[in-house]
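So the structure is just underneath, and the comments pick up after that.
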Amino acid sequence: MVNNKAQAALTERYLLPCLAEVAAFFLALRHQVDPALYQQRPVKLGKPYPLGQCLEITRAVQRLLPDAGVATAGFSGAALAGAHAYRAFRKAGGSTRQVWGDLRGEFFQNAFQVGTLYVDVANDTVTPTKPKVEILPFAESALIPIADFKHFKRIAERYWQARIFPNHILPELAPTCPLIHVSPEGKVQVAEATGYMVAMAQASAFRASEEVLCDTPVADDIFAHVRRHLAGTPWALPRSAEEGKAAALRACREQRAKRWHLSPAQANAHLQAVIALNHRLLHVLPSRRQQVSRLTTVDVGDVQPFASPVGSLSYGQRLDEEIARLKQRLAICQTARIAYAQALSNELLKHS
C-alpha cells in the first residue's frame, strides 16, 4: 500500500468508529447487485449462485462505489450512515482498491482493501452459510499475493479441482502464459491470461515462467488435443511435448534478451493472442467417466431413470440441472434460517 501510515490514520478517523455502519453499507450494496447477478448466471460450473462468483460480485459492487450518491439513494439507518462515513473517508484521500490472492491457503478470493481494512463483499461464495460481507484488519485477513506460478498451480488444483500442466504446446507464448488448465469438465485453456499473472511473469523477466516450464512435460492426450485444435493458426506448434518444453525454455531466454518483459505492448499482444486461442479450445475433452460402458438405473426424483449405454449427454445435463436446482433451494433455506435466527436474537435482546 502506498503511504500506509496515512491510510491507517484515515481508517482510524473515518471508518473504525462506525465499523458496523460501514459493514451495513457494503451489505446494502451487495443486496443491490444480487438480483441481477443471479438472473445473469444462476449456476456456474454446476454450483448455484453465489458459489464460485466472488469476482463477479466484487466487480459489480465496485461499479457502484464511484457513484455512491446514486447507489445509496434508497438507503436509510445504518447503511446510510455507513455510506456517509465511506464517502468522507474517500474525500479525505482514503484508498479503495480491488485485491485478489490466496486466502488461507485454501482458495482464490477477490476482495477490497479499504484503507487498512479487508472488505470482502463475497464472503459466502465458497460456504453459502457465511455472512455475505466480512470486514477485518487487512493484516489479519490471511490474504496473500500469489508468489509464483507453482503457488498458483497448487491453489488452482485444490480449489478448482483442475489439472495444471506446463505450456509446452505454444512455446512463443509460454513466457507470458506458461500453464495449461484442464477443468474437471475437460475444458482446456492456455493460462493464465489475466493482468496479475502476466505482470508477475514480466516482473520476474520470465524466470517465474521458466521455473514452472521445467516441470514434467504436458500429458500426451492434452498435447494432442490442443495441437489438433490449434492447427492452422500462425503459431508454431512443436511435434512433441519434449520438443515443446525445450522450445518454451528457449523462448524465455530469447524474449528476456529482447527485453520483452519490459514492453507493455508486447505483453498485451501475447495476452490478446492467448484469449483468441482459448476461444478455439472450447471443445471438451472426453471425460474418463464417459468410457464406462453402462449406467445403472438410479431414481433421482423428478428426473426419469436412465439405463442405456453412455452417450446421452442430455441425460447428464438433466442430472446437473437437478443437482443445481436442489443446491439452490438448499442455499436459499440456509440463508433464510440465518436471517430468522438473527431476527429472533434481536427480538430477544429487545425484551431482555
After noting the C-alpha distance and the side-chain angles of Asp124 and Lys132, does the key distance pass the salt bridge (Lys or Arg N to Asp or Glu O under 4.0 Å) rule? CA-CA 5 Å; Asp124 58 339; Lys132 293 176 182 289; 3.8 Å; yes
Going through the distances and angles, do Arg87 and Thr72 end up as a side chain to side chain donor-acceptor pair (under 3.5 Å)? CA-CA 11 Å; Arg87 282 200 291 267; Thr72 60; 3.3 Å; yes
Is there a salt bridge (Lys or Arg N to Asp or Glu O under 4.0 Å) between Arg154 and Asp148? Walk through the geometry before answering. CA-CA 10 Å; Arg154 186 167 63 252; Asp148 52 41; 5.8 Å; no
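At distances below 3.5 Å, not a single donor-acceptor pair connects side-chain atoms of Arg41 with backbone N or O atoms of Pro50. Remark: side-chain polar atoms of Gln39 are not paired, donor with acceptor, to backbone N or O of Pro35 under 3.5 angstrom. Between the side chain of Gln161 and the main chain of Arg158, a donor-acceptor pair closer than 3.5 Å is present. Not a single donor-acceptor pair under 3.5 Å links the side chain of His168 to the backbone N or O of Ala248. Looking only at distances, a side-chain donor or acceptor of Lys44 sits under 3.5 Å from a matching main-chain atom of Gly52. Judged by distance alone, with hydrogens and angles left aside, the side-chain atoms of Ser183 form a donor-acceptor pair with the main-chain N or O of Glu185 at under 3.5 Å. Under a 3.5 Å cut-off, the side chain of Asn167 and the backbone N or O of Cys177 do form a donor-acceptor pair. Using modelled atom types, one side-chain atom of Ser141 and one backbone atom of Phe138 make a donor-acceptor pair closer than 3.5 Å. Looking at Arg30, its side chain does come within 3.5 Å of a backbone N or O of Val121 through a donor-acceptor pair. Judged purely by atom type and a 3.5 angstrom limit, Ser204 uses its side chain to pair as donor or acceptor with the backbone of Ala201.
Less than 6.0 angstrom separates the ring centroid of Phe152 from the ring centroid of His181. Centroid-to-centroid, the aromatic rings of Trp160 and Phe108 come within less than 6.0 Å. Tyr86 has its ring centre no less than 6.0 Å from the ring centre of Tyr14.
In terms of the side-chain hydrogen bond (donor to acceptor under 3.5 Å, both in side chains) criterion, residue partners of Asp215 (sequence neighbours excluded) are, by chain and number, Lys150.
Across all non-hydrogen atoms, the minimal contact from Leu170 to Leu230 is CD1-CD1, 3.7 Å. Here the shortest heavy-atom pairing between Asn123 and Glu134 reads OD1-OE1, 3.4 Å. Taking each heavy atom of Ile135 and Ala23 in turn, the nearest pair found is CD1-CA, 3.6 Å. Heavy-atom minimum distance, Gln53 versus Glu56: CA-OE1, 3.1 Å. The minimum heavy-atom distance linking Cys54 with Asn110 is given by the pair SG-ND2, 3.3 Å. For the pair Lys245 and Pro217, the tightest heavy-atom approach, listed with the atom from each and the gap, is CD-CG, 4.1 Å.
Under the 4.5 Å side-chain heavy-atom criterion for Ile, Leu, Val, Met, Phe, Trp and Tyr, Phe112 and Leu16 are members of the same hydrophobic cluster. Ile222 and Ile164 fall into different hydrophobic clusters, where Ile, Leu, Val, Met, Phe, Trp and Tyr side chains are chained together by heavy-atom contacts under 4.5 Å.
Between Lys153 and Glu157 there is a salt bridge, since at least one side-chain N of the basic residue sits less than 4.0 Å from a carboxylate O of the acidic one.
Ring geometry for Phe206 against His261 counts as perpendicular: the plane angle is over 60°, on a 0 to 90° scale with 30° as the lower cut.
How far CG of Leu19 is from CG of Leu15: 7.5 Å, rounded to the nearest 0.5 Å.
The number of heavy atoms from other shown groups lying within 6.0 Å of CZ (Arg59) does not exceed 12. No more than 12 heavy-atom neighbours from other residues, nucleotides or ligands sit within 6.0 angstrom of CZ on Arg13.
A side-chain hydrogen bond (donor to acceptor under 3.5 Å, both in side chains) with Thr176 is found for exactly one of His270, Glu192, Gln202, Gln266, namely His270.
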